[in-house]
Amino acid sequence: MIERPAYTDWLERWQDKDVIKVITGLRRCGKSTVLRLFRERLLAKGVDQNRIIAINFESLEEDYPNEAKPLYDYIVSRLAPDVTNYVFLDEIQHVREFERAADGLYVRDDVDLYLTGSNADLLSSELATRLTGRYVELRMLPLSFKEYRSTRPQSESPEQSFNRYLLYGGLPYAATLEHDQDIADYLGGVFNTILVKDIAQRHPRIDTIAFDEVASFLADNVGNITSIKGIADAMKQTHRGISPTTVGEYIAALRENYLLFRADRYDIKGKSYLKTLEKYYLGDPGFRFWFLGKTGGDLGHRIENVIYLELLRRYRTVHIGKVGTTEVDFYTPDPQGDHYYQVSLTVMDESTLSRELRPLQSINDNHPKTLLTMDRIGNGNHAGIRQVNIIDWLLE
């Protein structure tokens with residue numbers, strides 16, 4: 001099992017707190033493993049095994065109840081008396097009206113409850129309706145580059161690891177595979193499982209061929225400013241025609257299942273959100289390899305995808321920043337202070353450096369500003385703007 005200390009530490013901080021712990025994220029990103037690692041911590045701290053109840057609703061080892069009241073009764077009948085019991089319900093979205101069971105267990109003094117799920121819309125809508133203010137969410141992502149490096153041979157350089165990570169992504173099991181075809185088969189299996197088990201069940205009228213084409217188009221255009229209408233217009237060149245409404249529905253389904261993230265634009269000076277020209281990034285860079293193989297594509301935007309996901313890990317919310325007529329690649333609002341990031345493959349040319357610094361220089365505040373590049377020389381400080389190598393920054 002690959003250690004995920006940021007996530008297990010989060011669970012430990014919330015242990016025994018009077019809220020439900022909800023872990024969400026892409027299928028196969030490691031949610032079940034993190035729960036298992038956390039249970040090992042509980043056992044190491046002296047919690048008896050009979051105080052831990054763990055159910056995975058996709059396991060065939062036992063026929064668990066899949067309705068709220070029978071599930072509640074099943075769990076209550078197994079609780080150890082007069083102590084706190086730790087209850088872990090994995091892929092809870094398979095239980096009908098699961099939020100009722102969660103609510104019933106939450107109000108008990110002898111249960112500390114942990115849930116995982118792979119559907120953002122289902123979990124957020126149902127939990128928000130019944131459990132407002134009574135749960136905290138941990139959104140998991142695939143392996144960070146720092147975590148990915150820990151899985152690779154010591155003889156492999158950071159640059160070699162980064163090339164692999166950029167191509168194959170950070171799903172934990174994919175990181176253990178070596179051959180292109182094995183990795184492609186695995187990523188395709190994950191995508192198709194999500195399509196069949198999650199998306200098609202909630203959207204039974206979906207045209208899977210058209211859906212794949214929309215997903216493939218988005219994989220080929222990560223980091224490009226776009227709109228739903230623009231995507232529909234572009235798709236007309238290669239498909240029999242998909243309406244903007246259908247494109248919007250497919251994008252929503254991709255986002256519901258963490259296959260895709262949308263970065264909205266934010267006017268930094270006007271302090272307002274803009275409703276057009278958003279950007280999309282894949283939930284794991286490896287899905288681009290599944291759809292498009294080793295075709296080069298725009299290396300800069302592929303690196304942007306990796307940086308976007310890393311910023312989500314560090315700050316949770318990431319926007320595209322608009323500053324007058326220029327753009328800051330990423331703006332991250334944070335309670336501890338906003339951050340601004342500009343990304344460029346290289347700024348060795350003086351005019352490129354000047355162009356990349358200009359948007360950051362036009363922001364009149366003292367929040368941290370960072371220029372990320374692949375350059376190994378020229379890093380340092382540009383009048384308060386930090387320039388740092390992308391690989392070094394990912395490993396911080």
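- A donor-acceptor pair is defined here as one N or O able to donate and one able to accept, closer than 3.5 Å; no such pair exists between the side chain of Arg164 and the backbone of Gln160.
- Side-chain contact, Arg41 with Thr8: a donor N or O sits under 3.5 Å from an acceptor N or O.
- Lys369 places a side-chain N or O within 3.5 Å of a backbone atom of His367 that can act as its donor or acceptor partner.
- Between Glu58 and Arg27 there is a salt bridge, since at least one side-chain N of the basic residue sits less than 4.0 Å from a carboxylate O of the acidic one.
- Criterion: ILVMFWY side-chain heavy atoms under 4.5 Å apart, direct or through other members. Under it, Tyr258 and Trp10 are part of a common hydrophobic cluster.
- To the nearest 0.5 Å, atom CZ of residue Phe291 and atom CG of residue Asp220 are 11.0 Å apart.
- For Asp349, the CG atom sits in a packed shell: over 12 heavy atoms of surrounding residues, nucleotides or ligands are nearer than 6.0 Å.
- Using a 4.5 Å heavy-atom threshold, the side chains of Leu138 and Lys21 count as separate.
- Looking only at distances, a side-chain donor or acceptor of Asn389 sits under 3.5 Å from a matching main-chain atom of Ile391.
- Using a cut-off of 4.0 Å between Lys/Arg side-chain N and Asp/Glu carboxylate O, Asp267 and Lys269 are scored as not salt-bridged.
- The pair Lys146-Glu310 does not count as a salt bridge, with every side-chain nitrogen at least 4.0 angstrom from each carboxylate oxygen.
- Dense packing is recorded around CG of Asp365, with more than 12 heavy atoms of other residues, nucleotides or ligands lying under 6.0 Å away.
- Around atom OH of Tyr173, no more than 12 heavy atoms belonging to other residues, nucleotides or ligands sit under 6.0 Å away.
- Taking CG from Leu167 and CD1 from Ile183, the interatomic distance works out to 7.5 Å, rounded to the nearest 0.5 Å.
- A side-chain N or O of Gln93 and one of Glu91 form a donor-acceptor pair less than 3.5 Å apart.
- Distance OH/Tyr281 to CG/Leu312: 10.5 Å, rounded to 0.5 Å.
- A single hydrophobic cluster is not seen to contain both Leu371 and Ile307; linkage of ILVMFWY side chains at heavy-atom distances under 4.5 Å, directly or through other members, places them apart.
- Side-chain atoms of Asp110 never come within 3.5 Å of backbone atoms of Asn85 as a donor-acceptor pair (strictly under, hydrogens ignored).
- Taken together through direct or relayed side-chain contacts under 4.5 Å among Ile, Leu, Val, Met, Phe, Trp and Tyr, Met1 and Val34 form parts of separate hydrophobic clusters.
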**Request:** Given ring pair (Phe, Tyr, Trp, His ring centres under 6.0 Å), test Tyr250 with His203 step by step and report yes or no.
**Result:** CA-CA 9 Å; Tyr250 291 173; His203 307 273; 8.5 Å; no
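- Heavy-atom neighbours of Glu178 CD from other residues, nucleotides or ligands within 6.0 Å: above the threshold of 12.
- Looking only at side-chain heavy atoms (C-beta outward), Asn221 and Thr226 stay at 4.5 Å or farther from each other.
- Taking the six-membered ring where tryptophan is involved, the planes of Tyr308 and Phe261 are tilted, since the angle between them lies from 30° to 60°.
- At distances below 3.5 Å, at least one donor-acceptor pair connects side-chain atoms of Arg139 with backbone N or O atoms of Arg316.
- Using cut-offs of 30° and 60° on the angle between ring planes, the pair Tyr266 and Tyr331 is parallel.
- Within the 3.5 Å criterion, the main-chain N or O of Leu177 finds no donor-acceptor partner in the side chain of His179.
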**Message:** Checking Ser32 against Asp90 for the side-chain hydrogen bond (donor to acceptor under 3.5 Å, both in side chains) test, could you report, in this order, the C-alpha distance in whole Å, the side-chain angles of both residues, the deciding distance, and whether it holds?
**Reply:** CA-CA 7 Å; Ser32 300; Asp90 209 354; 2.4 Å; yes
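- Of the possible donor and acceptor atoms, one in the side chain of Asp375 sits under 3.5 Å from a partner among the backbone N and O of Val347.
- By the 4.0 Å N-to-carboxylate-O rule, Asp392 lies close enough to Arg376 to be salt-bridged with it.
- Residues Asp9 and Arg13 are not paired through a salt bridge, judged by the lack of any N-O separation under 4.0 Å between the basic side chain and the carboxylate.
- In this structure, Leu11 and Leu35 have side chains that are in contact, with non-hydrogen atoms separated by less than 4.5 Å.
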**CA sep, side-chain torsions, deciding dist, call: His339, Asp334, side-chain hydrogen bond (donor to acceptor under 3.5 Å, both in side chains)** = CA-CA 8 Å; His339 291 70; Asp334 187 76; 5.2 Å; no
**Asked** Could you walk me through whether Tyr340 and Ile268 pass the side-chain contact (heavy atoms from CB on, under 4.5 Å) check?
**Response** CA-CA 10 Å; Tyr340 307 99; Ile268 293 171; 3.7 Å; yes
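- By the 4.5 Å heavy-atom criterion applied to side chains, Ile320 and Glu327 are counted as neighbours.
- Side chain of Lys279 to backbone of Leu277: no donor-acceptor contact under 3.5 angstrom is found.
- Between the Gln342 side chain and the Asp329 main chain, a donor and an acceptor come within less than 3.5 Å of each other.
- Distance alone, capped at 3.5 Å, is enough to place a donor-acceptor pair between the Asp284 side chain and the Gly286 backbone.
- Under a hydrophobic-cluster definition in which Ile, Leu, Val, Met, Phe, Trp and Tyr are linked whenever side-chain heavy atoms come within less than 4.5 Å, directly or via other members, Val328 and Ile225 are assigned to different clusters.
- Using a 4.5 Å heavy-atom threshold, the side chains of Phe57 and Leu71 count as touching.
- The heavy-atom pair separating Tyr106 from Val19 by the smallest distance is CE1-CA, 4.0 Å.
- From Met140, atom CE reaches atom CZ of Arg313 across 9.5 Å, with rounding to the nearest 0.5 Å.
- For the pair Leu260/Leu282, a side-chain contact is recorded, criterion being any heavy-atom separation below 4.5 Å from C-beta on.
- Asp16 and Tyr86 share a donor-acceptor pair across their side chains, judged by distance under 3.5 Å alone.
- At a threshold of 4.0 Å, the pair Glu278-Arg255 does not count as salt-bridged, since none of the basic side-chain nitrogens sits closer than that to a carboxylate oxygen.
- The hydrophobic clustering, which links ILVMFWY residues whose side-chain heavy atoms are closer than 4.5 Å, places Leu395 and Tyr341 together.
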**Prompt:** Between Leu141 and Leu26, does a side-chain contact (heavy atoms from CB on, under 4.5 Å) hold up when you go through it step by step?
**Reply:** CA-CA 7 Å; Leu141 292 166; Leu26 179 70; over 6 Å; no
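- Residue Lys275 qualifies as open at atom NZ: its count of foreign heavy atoms under 6.0 Å is 12 or below.
- Annotation for Gly170 and Pro142: closest pair O-CB, 3.4 Å, computed over non-hydrogen atoms.
- The aromatic rings of Phe38 and Phe88 sit perpendicular, their planes meeting at an angle over 60°, well past the 30° parallel limit.
- Using a cut-off of 4.0 Å between Lys/Arg side-chain N and Asp/Glu carboxylate O, Lys69 and Asp73 are scored as salt-bridged.
- Heavy atoms of other residues, nucleotides or ligands lying less than 6.0 angstrom from CD of Glu62 number more than 12.
- Side-chain atoms of Leu89 and Val95, non-hydrogen and from C-beta on, never get closer than 4.5 Å to each other.
- Side-chain contact check for Gln15 versus Tyr114: some heavy-atom pair is nearer than 4.5 Å.
- A salt bridge does not link Glu249 with Arg205: every distance from a Lys NZ or Arg NE/NH1/NH2 to an Asp or Glu carboxylate oxygen is 4.0 Å or more.
- Remark: Arg314 is positioned above the aromatic ring of Trp393, its terminal NZ or CZ atom under 6.0 angstrom from the ring centre and at most 45 degrees off the axis.
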**Asked** Would Val76 and Arg108 count as a side-chain contact (heavy atoms from CB on, under 4.5 Å) if you check the C-alpha gap in whole Å, the side-chain angles of each, and the deciding distance to 0.1 Å?
**Response** CA-CA 10 Å; Val76 168; Arg108 297 182 61 96; 3.9 Å; yes
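- Heavy-atom contacts from other residues, nucleotides or ligands closer than 6.0 Å to NZ of Lys271 number 12 or fewer.
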**Request:** Check step by step if side-chain contact (heavy atoms from CB on, under 4.5 Å) holds for Tyr168 and Asn163.
**Result:** CA-CA 9 Å; Tyr168 302 130; Asn163 280 333; over 6 Å; no
